[in-house]
Amino acid sequence: MKPAAFDYSAPESIAEALDLLAEHGSGAKVLAGGQSLVPMLNFRLARPAHLIDVNGVDSLSYISANGTLRIGSMTRLTALGESGDVAGAHPIIPKAVAHIGHRAIRNRGTIGGSLAHNDPAAELPAVLMALDAEVTARSADGERVVGMQDLIEDRLFETTLGDTELLTEIRIPAAAASSTSGFQEFARRHGDFALAGVAAVITTDGSTITQAALGAFGGTHATRLPTAEAALLGAETGDAAFAAAGAGAAADFPATSDVHGTAEYRSHLINVLTVRALKEAAGNSGGGNG
Amino acid sequence: MAETMSVVLNVNGSGRAVSVEPRKTLADAIREDLGLTGTHLGCEHGVCGACTILLDGEVVRSCLLLAVQADGAEITTIEGIGAGDDLHPMQQAFSEYHGLQCGFCTPGMILAGIDVVSRNPDPTPQEIREEMGGNICRCTGYQKIVESVQAAAAVMSTEGGSA
Ligand SMILES: Cc1cc2nc3c(=O)[nH]c(=O)nc-3n(C[C@H](O)[C@H](O)[C@H](O)COP(=O)(O)OP(=O)(O)OC[C@H]3O[C@@H](n4cnc5c(N)ncnc54)[C@H](O)[C@@H]3O)c2cc1C
């Protein structure tokens, strides 16, 4: 099918984009990489009156690593996955990005678009939750900083961003020196949306786990896994703690049934993938969340 | 109906001015306004890969871009890769190794294959399968496509050139 008609603006600065958002409000949609929005336009699942194309706003595309990692919302997924600064600070990010669609999708798709679109099976919302990231949302009225969990809550295919807000930056705090990470997902084919997946970041003092952050995707919404995290805190790394975390993850996970798999199957997957992600994290040592 | 906009599409080395509605996808503009029907449209939601083109040298889905977004960019379609007796090694290999049957997916496969080899001059069959998982073929069963890309990679590396 073909999109319904819309008006089109291509601002070149953030201020211009914010003015357009203020003017057009709920009738407008921001166009980032278009890898989720244009399919919806083509199928007329979305019929915005106005598209605000921010691909020409160069100041939204950057990666700055200086303690906190700051990433402009229009940074393409290919650039995110290939950045040495990102890999150095949080190697779990390129690992996750490699699972997003295909090269042609990643060449256009953006980090901000992935978060704003908030597909419950998307990798990045869950990964950034596990990394305790925050985003900045700007409107003509000002700027606010929102934690990933407050951005997503328990929503799917929408976030707590307002109609006139532009997601501008993603901020990821520096990892503790001894933190390590693991990323595991299960999809039927490489590049397909995952049936379930887990991002795990743990910090240890010797073999005792002092911090644990787990983000899951593939359920009804991206979420942290608090029962699994509690099972890990203070425990010794190893099979017993990881098995307890896997069971906790299955209890926490908002599994759902669809044509690709039952809720039961997905809960089982989350259990297994959590154990694997933790083993992967425990096997990675040295450097910030290796 | 929204106003039409004038844009210049630099396709396969020549600039062509077209007047399009903002809602027109680049794929439709390439086919309908420029008459270059080698770029195929299958699913129109980014899944099948038949509409794959190069935009400023990078593989993209032309069904997920608006024509107005490509104003001034360098676009390469299958027609710009090679035609007639002057085939690109990737096209030659698809012909020799039976990398196609009906041909519908082939333009996208060729462009995706060239992209894979440009980043990885000596890909393994497994790497080719993973990298080209975004291009769907309903005829070949993929085996011959993988062989074609491998054969083309060998030729491209000895010729020291790519697209
Ligand atoms: C074949 C295919 C396979 C895919 N596989 C995966 C996968 O495995 N995993 C995955 O996570 N994703 C996958 N995707 C989706 C892809 O990652 C998208 O790029 C991403 O979901 C949206 O990013 P975008 O930049 O393309 O946003 P767009 O499509 O441009 O926008 C998506 C939504 O976010 C809003 N938006 C975008 N940017 C902003 C902003 N800065 N501020 C406010 N609102 C904004 C838009 O208004 C729109 O509502 C796939 C897509 C395709 C076509």
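A note on names: the letters A, B, ... follow the listed sequences, proteins ahead of strands, and every chain is numbered from 1.
- By the 6.0 Å contact criterion, CZ on A:Arg155 is enclosed, its count of non-hydrogen atoms from other residues, nucleotides or ligands being greater than 12.
- You'll find the side chain of A:Pro39 reaches within 4.5 Å of the side chain of B:Leu64, heavy atoms only.
- Side-chain contact check for A:Arg108 versus B:Leu55: some heavy-atom pair is nearer than 4.5 Å.
- Neither the backbone nor the side chain of B:Arg129 comes within contact range of chain A; no heavy atoms are under 4.5 Å apart.
- Between A:Leu31 and B:Gln69 there is a side-chain heavy-atom pair separated by less than 4.5 Å.
- Other residues, nucleotides and ligands place no more than 12 heavy atoms under 6.0 Å from the CD atom of A:Glu12.
- Each of B:Leu41, B:Val116, B:Val60, B:Asp115 has some count of heavy-atom pairs under 4.5 Å with chain A, and the biggest count is that of B:Val60.
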Side-chain polar contacts of residues 93-111 of chain B - donor-acceptor pairs under 3.5 angstrom, sequence neighbours left out - could you list them?
residue	atom	partner	partner atom	Å
B:Glu96	OE2	B:Gln92	NE2	3.2
B:Thr106	OG1	B:Gly103	O	3.2

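- The contact list for residues 111-126 of chain A toward chain B, using heavy atoms and a distance under 4.5 Å, is empty.
- Taking non-hydrogen atoms and a 4.5 Å limit, the residue list of residues 40-55 of chain A in contact with chain B, ordered by number, reads A:Asn42, A:Phe43, A:Arg44, A:Leu51, A:Asp53, A:Asn55.
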Identify all side-chain donor-acceptor contacts of residues 121-128 of chain B below 3.5 Å with residues at least two apart in sequence or on another chain.
residue	atom	partner	partner atom	Å
B:Thr124	OG1	B:Glu127	N	3.0
B:Gln126	NE2	B:Glu130	OE2	3.2
B:Glu127	OE1	B:Asn120	ND2	3.0
B:Glu127	OE1	B:Thr124	N	2.9

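- Interface remark: A:Leu37 contributes no atoms to any contact with chain B (heavy atom separation under 4.5 Å).
- Neither the backbone nor the side chain of B:Asn135 comes within less than 4.5 Å of any heavy atom in chain A.
- Interface summary for chain B: among A:Lys2, A:Arg103, A:Gln35, the most heavy-atom pairs under 4.5 angstrom belong to A:Arg103.
- Taking B:Arg61, B:Glu44, B:Lys24 one by one and counting their heavy-atom pairs under 4.5 Å with chain A, the maximum is reached by B:Glu44.
- Looking at B:Arg23, its side chain does come within 3.5 Å of a backbone N or O of A:Pro3 through a donor-acceptor pair.
- Rounded to the nearest 0.5 Å, atoms OG1 (B:Thr52) and NE2 (A:His102) are 10.0 Å apart.
- With hydrogens and angles ignored, the 3.5 Å screen pairs no side-chain donor or acceptor of A:Asn107 with any backbone N or O of B:Glu58.
- Heavy-atom distances place no part of B:Met132 under 4.5 Å from chain A, backbone and side chain included.
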